[in-house]
Amino acid sequence: MSADRFAVKKEDRFVFGIWCLQNRGRDPFGDQTRPELSVTECLKGLAQRNAYGFEFHDNDIVPFGCSAAERDRHIREIKKLMADLNIKATMATTNLFYHPIFKDGAFTSTDPAIRAFAVQKVMNCLDIAHEMEAKVFVFWGGREGTEVDASKDPIEAAKWFREALNFLCEYVLDRDYDIKFALEPKPNEPRGDLYLPTVGSILAFIATLDHPEMCGVNPEVAHVKMSGLNVYHEFAQALDAGKLLDVHLNDQKPLRFDQDLSFASDNLKDAFFLAKLLEDHRYEGTIGFDAHPYRSEADPWDFVERNMRNYKILKAKVQQFNENKEIQQLLAEIHGVNPDLRTILGRYSKEQADKLRQTAFDVDRLTARRLPYERLDQLVTEVLLGVA
Ligand code: GCO
Ligand code: MN
């Protein structure tokens, strides 16, 4: 029997949110449909399937409000399990959305006591992240937003958000933790409108922080599609800025409620171009999946396997695209035009500006250029459908 060419290996760096495996199928209209798995069962199942690691919220592993002794015991047990199973905690994040205290925001609550409580909760979670050796720390502002715009000024809210992150960056520096922050954009849900809805808004916000060098982005496919934006372009913007610290792969029908479907289950082409981006540009972080098994599933394991397998299949398709002679010929034709002008805008100087001013352009010839995009796009379709 030939070995499975899509068999998962540790070096694939696949990780899952613990909360994805523990999801019980509850939705706003219906109760849970399956039993909750313990953290131990989650880690064992992931290790058995060769996942590299897992991501967690503080309260996925340490119950809200538990004593210091209980907390220490939970962490000790998980660390032992991680060592026994050879599985890593790669990303930590704070649950600042579930408890009703956060009903009108955590960092952007109008109550300074709630903002301070949120920052204290993050400090405790940073200590856990450090102990578990997670190097990426995500902020998903699930409750940071409004339904009633009369309730708060967005500039004031941005100031509170900034204050909290600046404080927490200093905490990490003070403690000498090897941790970077990644902010996760989302346009809405659970709030009517969330602050920092897109990659671009997060990049602009990071530039206003005291330590932008410690902060990046964790984009999620579903969140981009909820905004009706282009997944390939959104992730690319973070990568181009040197800020792609983590990724949340999943899928979603555009412009709808948050569906958290498996990666590549809705739109193969979007998923393909995202895999192409990450592979072509040698993204070095972990490949994180943040999705839920269908409500009709009894356990998460088919879900776990298909997410990893889909990525590996698409990675093979990327290679096929990059090696396809006709595709490469078309791309060479499209990009190979006017080689003598390629560097003219490379760096400004008076001489370059003079040279540019004196350059004659044959507008009709440039306009009449052939762009064989129907054929190129069809070849992508054929690669994806397995007939190229
Ligand atoms: C969502 C988010 C969350 C966060 C995760 C980290 O449901 O919209 O994706 O899953 O990524 O909870 O806080
Ligand atoms: Mn996510």
Side-chain angles (χ1 to χ4, degrees), residues 14-28 42 53-62 64 89-99 102 105-108 118 121-122 124-126 128-129 132 134 136-145 161 164-165 168 179-199 202 216-227 229 231 234-235 238 244-263 274 285-293 295 300 303 307:
F14 291 137
V15 306
F16 284 81
I18 292 263
W19 65 91
C20 304
L21 311 186
Q22 290 189 321
N23 175 278
R24 302 186 64 183
R26 192 183 290 117
D27 71 18
C42 292
F54 64 97
E55 303 186 338
F56 66 96
H57 298 92
D58 48 357
N59 302 135
D60 298 340
I61 61 171
V62 175
F64 186 94
T90 57
M91 180 276 254
T93 183
T94 322
N95 189 325
L96 296 174
F97 46 88
Y98 194 81
H99 195 284
F102 301 123
F107 297 158
T108 61
K121 192 170 192 290
V122 177
N124 292 333
C125 187
L126 280 163
I128 296 175
M132 310 246 304
V136 177
F137 196 92
V138 162
F139 291 86
W140 171 60
R143 297 285 168 194
E144 315 296 5
F161 213 141
L165 288 173
L168 290 163
I179 286 176
K180 291 243 178 328
F181 290 172
L183 281 67
E184 180 172 337
K186 188 174 183 182
N188 57 276
E189 211 181 326
R191 300 309 299 267
D193 288 289
L194 289 170
Y195 299 128
L196 304 179
T198 62
V199 167
I202 286 196
V217 191
N218 175 38
E220 174 166 320
V221 174
H223 300 177
V224 175
K225 293 177 76 171
M226 287 172 74
S227 310
L229 299 178
V231 173
E234 278 281 281
F235 279 66
L244 191 64
L245 299 188
D246 194 6
V247 294
H248 275 175
L249 305 193
N250 57 6
D251 216 338
Q252 163 84 29
K253 292 195 187 294
L255 301 173
R256 298 194 189 178
F257 68 94
D258 188 4
Q259 295 177 313
D260 278 329
L261 305 172
S262 282
F263 177 58
L274 180 51
T286 51
I287 305 287
F289 297 102
D290 183 9
H292 298 157
R295 195 159 176 260
F303 154 85
N307 275 279

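Read the numbers this way: they start at 1 and go in the same order the structure lists the ligands and their atoms.
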Under a 4.0 angstrom heavy-atom cut-off, which atoms of ligand 1 come close to [X]?
X    : value
H248 : 11 (O)
K186 : 1 (C), 8 (O)
W19  : 5 (C), 10 (O)
T93  : 6 (C), 13 (O)
E184 : 2 (C), 4 (C), 9 (O), 11 (O)

- Query: Is there a donor-acceptor pair closer than 3.5 Å between any side-chain N or O of N23 and the backbone N or O of H292?
  - Reply: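 Absent.
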- Item | Any donor-acceptor N/O pair, T94 side chain to V122 backbone, under 3.5 Å |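 The answer is no, because no donor-acceptor pair under 3.5 Å joins these two groups.
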- Does even one non-hydrogen atom of H223 get within less than 4.0 Å of ligand 1? yes
- Task: For the pair T90 and F56, evaluate side-chain contact (heavy atoms from CB on, under 4.5 Å) and give the outcome as yes or no after the intermediate values.
- Result: CA-CA 9 Å; T90 57; F56 66 96; over 6 Å; no
Please name all residues satisfying ring pair (Phe, Tyr, Trp, His ring centres under 6.0 Å) with [X], sequence neighbours left out, ordered by chain then number.
X    : answer
F289 : F14, F16
F257 : none
Y195 : none

- Note on the structure: Quick look: D258 vs ligand 1, heavy-atom contacts under 4.0 Å, and the answer is side chain
- Query: Side chain, backbone, both or neither: which part of H57 has a heavy atom under 4.0 Å from ligand 1?
  - Reply: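 The part of H57 near ligand 1 is the side chain, not the backbone.
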- Query: Between H292, E220, M91, E55, which one has a non-hydrogen atom sitting closest to atom 9 (O) of ligand 1?
  - Reply: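 That would be E220.
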- Out of F97, W140, F139, indicate the one that has the non-hydrogen atom closest to atom 1 (C) of ligand 1.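 It is W140 whose heavy atom sits nearest to atom 1 (C) of ligand 1.
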- Task: Could you tell me whether T94 and ligand 1 have an N or O pair separated by under 3.5 Å?
- Result: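 No; the residue has no nitrogen or oxygen that sits under 3.5 Å from a nitrogen or oxygen of the ligand.
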- Query: Can you name the one residue among D260, D258, D290, N307 that meets side chain to side chain donor-acceptor pair (under 3.5 Å) with N250?
  - Reply: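 Result for side chain to side chain donor-acceptor pair (under 3.5 Å) with N250: D260.
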- Query: Which protein N, O or S atoms does the Mn ion (ligand 2) have within a distance shorter than 2.8 Å?
  - Reply: E184 OE2, E220 OE1, H248 ND1, D290 OD2
- Is the centre of the H248 ring less than 6.0 Å from the centre of the F263 ring?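 So the answer is no for these two rings.
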- For atom 10 (O) of ligand 1, the protein heavy atom that lies nearest, with its residue and separation: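 Here the closest protein heavy atom is D290 OD2, 2.9 Å.
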- Note on the structure: Closest non-hydrogen atoms of T286 and E55, given as atom of the first, atom of the second and distance, are OG1-OE2, 4.4 Å
- Residues, nucleotides or ligands: over 12 heavy atoms within 6.0 Å of F64 CZ: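 For F64, atom CZ is crowded (more than 12 foreign heavy atoms under 6.0 Å).
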- Rounded to the nearest 0.5 Å, what's the gap from CZ on F139 to CD on E144? Could you check? 10.5 Å
- Item | Side-chain donor-acceptor pair present, K121, N59, cut-off under 3.5 Å |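 Yes, N59 and K121 have a side-chain donor paired with an acceptor closer than 3.5 Å.
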